[in-house]
Novice: 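Can you read through this structure? Questions will come right after.
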Amino acid sequence: MKTYRVTIGNTGQTIDCAGNHTVLEAAVAAGIDYPYACATGNCATCISKLESGKVTLLPRGDAALRPEQIKAGQTLACRARPRSDLSITWLARPR
Ligand code: FES
């Protein structure tokens with residue numbers, strides 16, 4: 001499985017994320033305090049801005065990520081698998 005470089009805008013860290021893992025899984029494994037709650041695409045706690053790169057979105061609740069949010073470049077870190085190197089910033093309040 002190919003591994004991609006994922007840059008977390010909030011912390012400036014760049015981590016590895018395999019194409020069969022979500023950005024959230026890779027961030028948590030790397031010790032990053034990425035905001036999340038359900039990790040199943042329903043609560044929108046992990047809502048993030050995809051600054052660059054491409055992701056594949058796993059199934060999610062319609063209310064957690066609306067089509068207009070996707071158009072605006074937003075994504076759910078717990079549902080997003082990398083398809084290229086990417087840069088992402090979480091939009092929740094800093095903790
Ligand atoms: S953590 Fe709940 S939608 Fe991602």
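In listed order, ligands and their atoms are each counted from 1.
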Novice: Measuring from Leu57:CG to Arg81:CZ, what's the distance to the nearest 0.5 Å?
Specialist: 11.0 Å

Novice: Run the numbers for me: atoms of ligand 1, each under 4.0 Å from some heavy atom of Cys43, listed by number.
Specialist: 1 (S), 2 (Fe), 3 (S)

Novice: Under a 4.5 Å cut-off applied to non-hydrogen side-chain atoms, are Tyr34 and Ser48 in contact?
Specialist: yes

Novice: Enumerate the atoms of ligand 1 whose separation from the nearest heavy atom of Cys78 is less than 4.0 angstrom.
Specialist: 1 (S), 3 (S), 4 (Fe)

Novice: Near Asn42, which atoms of ligand 1 are under 4.0 Å from a heavy atom of that residue?
Specialist: 3 (S)

Novice: Just which atoms of ligand 1 are under 4.0 Å from any heavy atom in Cys38?
Specialist: 1 (S), 2 (Fe), 3 (S)

Novice: Hey, does Ile70 have a side-chain heavy atom less than 4.5 Å from the side chain of Leu65?
Specialist: yes

Novice: Counting only heavy atoms, which portion of Leu24 has something under 4.0 Å from ligand 1: side chain, backbone, both, or neither?
Specialist: neither

Novice: Which of the atoms in ligand 1, numbered in the order shown and given with their element, are less than 4.0 Å from a heavy-atom of Ala37?
Specialist: 1 (S)

Novice: Are Arg5 and Thr14 close enough that a side-chain donor and a side-chain acceptor fall under 3.5 Å?
Specialist: no

Novice: For Ala44, is the nearest heavy atom under 4.0 Å from an atom of ligand 1?
Specialist: yes

Novice: Report yes if the side chains of Val55 and Leu50 come closer than 4.5 Å at any heavy-atom pair, otherwise no.
Specialist: yes

Novice: Return the CG to OG1 distance between Leu58 and Thr40, rounded to the nearest 0.5 Å.
Specialist: 11.0 Å

Novice: State whether Cys46 contributes an N/O/S atom found under 2.8 Å from atom 4 (Fe) of ligand 1.
Specialist: yes

Novice: When you compare the side chain of Thr11 with that of Trp90, does any pair of heavy atoms fall below 4.5 Å?
Specialist: yes

Novice: For Gly41, take its heavy atoms, then give the atoms of ligand 1 lying under 4.0 Å from any of them.
Specialist: 3 (S)

Novice: Would you mind listing which atoms of ligand 1 come within a distance below 4.0 Å of any non-hydrogen atom of Tyr36?
Specialist: 1 (S)

Novice: Just jot down the ligand 1 atoms closer than 4.0 angstrom to any heavy atom of Ala39, in number order.
Specialist: 1 (S), 2 (Fe)

Novice: Would you say that Gln69 contacts Ile47 through its side chain, given a criterion of any heavy-atom pair below 4.5 Å between the two side chains?
Specialist: yes

